[in-house]
Amino acid sequence: MELEAEVNVELCQSGPGLQMSLIRGTDLFGYIGIEAVLDQMRSKTMKAGFEFNIMVVGQSGLGKSTLVNTLFKSKVSRKSCTPNYEEKISKTVKLQTVSHVIEENGVKMKLTVIDTPGFGDQINNDNCWEPIVKYVNEQYEKYLREELHINRKRVIPDSRVHCCIYFLPATGHRLRPIDVEFMKRLGKIVSIVPVIAKADTLTIEERQEFKERIRQDLVDNGIHVYPQKEYDEDPEERILNNSIRESIPFAVVGTDKEHQVNGNKVLGRKTNWGIIEVENVAHCEFANLRDLLIRSHLQDLKDVTHNIHYETYRVRRLNESNMNFSEPETSELFEMKNYILVFT
Amino acid sequence: MKTFVSESWLNTHVTQLPRQKNQTWARPLSLAGHVGFDSLPDQLVNKSICQGFCFNILCIGETGIGKSTLMDTLFNTNFENFESSHFEPQVKLRAQTYDLQESNVRLRLTVVNTVGFGDQMNKQESYQPVVDYIDRQFESYLQEELKIKRSLHNYHDSRVHACLYFISPSGHSLKSLDLVTMKKLDSKVNIIPVIAKADTISKSELHKFKIKIMSELVSNGVQIYQFPLDDETVAKVNTTMNGHLPFAVVGSTEEVSVGNKMVKARQYPWGVVQVENENHCDFVKLREMLICVNMEDLREQTHTRHYELYRRCKLEEMGFKDTGPECKPVSLQQTYEAKRQEFLVELQKREDEMRQMFVQRVKEKESELKEAERDLQGRFEQLKRLHADEKAALEEKKRLLDDDQSSFSKRRAAAQLLQAQSLTANGKKDKDRKK
């Protein structure tokens, strides 16, 4: 153990110059009870609840609403919530959100599903991603504004998009131009999880080839989907994420109907040639997607959104106002560096 | 390098679900099967384990009251402190950081001790270094939060989470220094008062002492940290503990054998005071409350209450407001823009002033120089005239002299001629005689 340096008041802020001694568990002469902090944390978080915002993007008819319903095992999509829902192709891309509070084993979660009807449905799909980009940025802006208030709330309401599921039609060929353009633009500001929709039209070999070609296309176009390679923090995480990266995009099938298979009730789609079991990993990769999104990486998705995407937005926004300060009506944020100078 | 979980990180990831107001637009739904998001708290906890925890304790008390010993006893280790002298001219703070690990939980503990507290003759300013230290930690966090490129999740949180105030066991009441210091600190940090060296007070005296202290604190309006009662799992324990405040503690790192066990204790000729015996002192209660039950709450209070208060005051001091003069919401940036314009206008004005002054000075200097030049010219002219006059005078003299000379030479020539004539006349006369 090294001795600490005695520091005066001026040097109390820890920094690279502060010597620290490492006292390992073996040096502790008895039980202290630091472990209890984990339980404290757990009970606090259970009491407070979680928020999760998921966006689904894809052409109409790809099964977005069904998939979301299957993921959360309840009618969470907008389709199921609106009473007089009619299947209409809307003229422009309009984003609609629906929120639910779901609870499981004492854990409460406020789930918001953001739907994008009209995406990719028109004849001319130029710039159809713009309303979506605008929405994502608006949520970041809202959060930033709230964070900058003098009197700010104890917990800032988080409406930022944590995850965007992008539905690829099962053509079997490659990524289409609209897919490339959308994922290129949105991959920079939000975590995208691409999935192959209605995967029961592809055989296993076709599926593998399709996935490889898509992965190749993603690499060729410089598109980063979740989990992003750059954000792996340690080797274990990298191994885990690499195995995920090898199987994206997940080929999924969604349904909310149950059928009897071998005496068990399973979720599946019944066809004349057999029953496709949604939760069977041999049939489709829905279970993998669900595990990734909900059971293992939910917190990580939120962290990536908060620590990386939001911070990137913030830096960009604050630097922008740097250059625009002479136009007060357009610049909305102030120059932080000068602020710090004024501060000190 | 591994990062440590800060309270703000925790707060951004754990949200309060809307209670009364917004429930209309977030309807509750029942699930048809097991989805699996009940593993969310576990995911969160696992991440925190990876990142580690931060905890900062500030110990305020007179020299020799047992702060370092108590810290050693509390964390079951030897922090390698040395005794401080009683002759410090001013109160100083000494901060030391340690990395502790118990099973798989890593804790970065910072212990800050006051050095020289209560030793000076004049103790009026004793509390100031402590307040300054606490403010300084808030300030650096605020600065980090306001940076453009910031890394809050990597930031080593050094804000003080708990303050143990050591009361000397006089048995009577609080000293005025104690009251003044605690009053200054109660809105900045969570204060937990403890009675030090509790083995010098008997049980009955201790009971009276505790009541006296609490009533003095209440009557002076000092807000000490109350253990939280809103969580059902710990409310019961916390209520009992709240009734035992302030904790009477004894610290010891030496072990004495009692019965057939080695326990931490202090050995006296009349008996052995066991540190972990609840009948002897409240040490176990303190450890339980500080670490096992409320560490997380202490950190949360520091972040959401004390830090927010500091931030609000600081920003309001700078003139930033949330609402304008007509109570219309004014964003931070608009205020700043206005201030900035003001500042720029002021800058411009100063610049103009300076420029004017400069021009003025230049003119003055120029006129001065011109004056000097004219002077010089005048003198030159004068000298020239003098010179010319002298020259003329000299010329005159020269002419006179020349005249004289010429007249003299004429007369000389005439004289010579006369002489020559007279000579020849004489010669002729001689010749004539001879003949």
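Just so it is clear, the model here is predicted, and its values are computed rather than measured. Labels below follow one simple rule: chain letters A, B, ... track the order of the sequence lines, proteins then strands, and each chain is numbered from 1.
- T73(B) and T253(B) are not linked by any side-chain donor-acceptor pair at a separation below 3.5 angstrom, with hydrogens and angles left out of the test.
- The parts of E147(A) that come within reach of chain B are both its backbone and its side chain, each placing non-hydrogen atoms under 4.5 angstrom from that chain.
- One finds the CG atom of L71(A) at 11.0 Å from the OG1 atom of T66(A) (value rounded to the nearest 0.5 Å).
- Formation of a donor-acceptor pair under 3.5 Å by the Q299(A) side chain with backbone atoms of Q43(B) is not found in this model.
- Using a 4.5 Å cut-off between heavy atoms, R150(B) contacts chain A through both its backbone and its side chain.
- The backbone N or O of T70(A) lies less than 3.5 Å from no partner atom in the side chain of R290(A), so there is not a single donor-acceptor pair.
- Residue N46(B) does not touch chain A at all, counting heavy-atom pairs closer than 4.5 Å.
- With Y140(A) as the aromatic partner, R317(A) does not meet the cation-pi criteria of under 6.0 angstrom to the ring centre and within 45 degrees of the ring axis.
- One N or O on the side chain of N53(A) and one on the backbone of D158(A) form a donor-acceptor pair closer than 3.5 Å.
- For the options K73(A), E104(A), R42(A), K153(A), heavy-atom pairs under 4.5 Å to chain B are most numerous at E104(A).
- Neither the backbone nor the side chain of D291(A) comes within less than 4.5 Å of any heavy atom in chain B.
- Neither the backbone nor the side chain of L267(A) comes within contact range of chain B; no heavy atom of the residue lies under 4.5 Å from a heavy atom of that chain.
- Within the 4.5 angstrom heavy-atom criterion, no atom of T312(A) approaches chain B.
- Of the possible polar contacts, none joining the H162(A) side chain to the I54(A) backbone as a donor-acceptor pair under 3.5 Å is found.
- Interface check for chain B: of the options L293(A), I102(A), L111(A), N105(A), the most heavy-atom pairs under 4.5 Å are formed by I102(A).
- Of the residues considered (L40(B), V105(B), I291(B)), L40(B) shows the highest number of contacts with chain A, using heavy-atom pairs under 4.5 Å.
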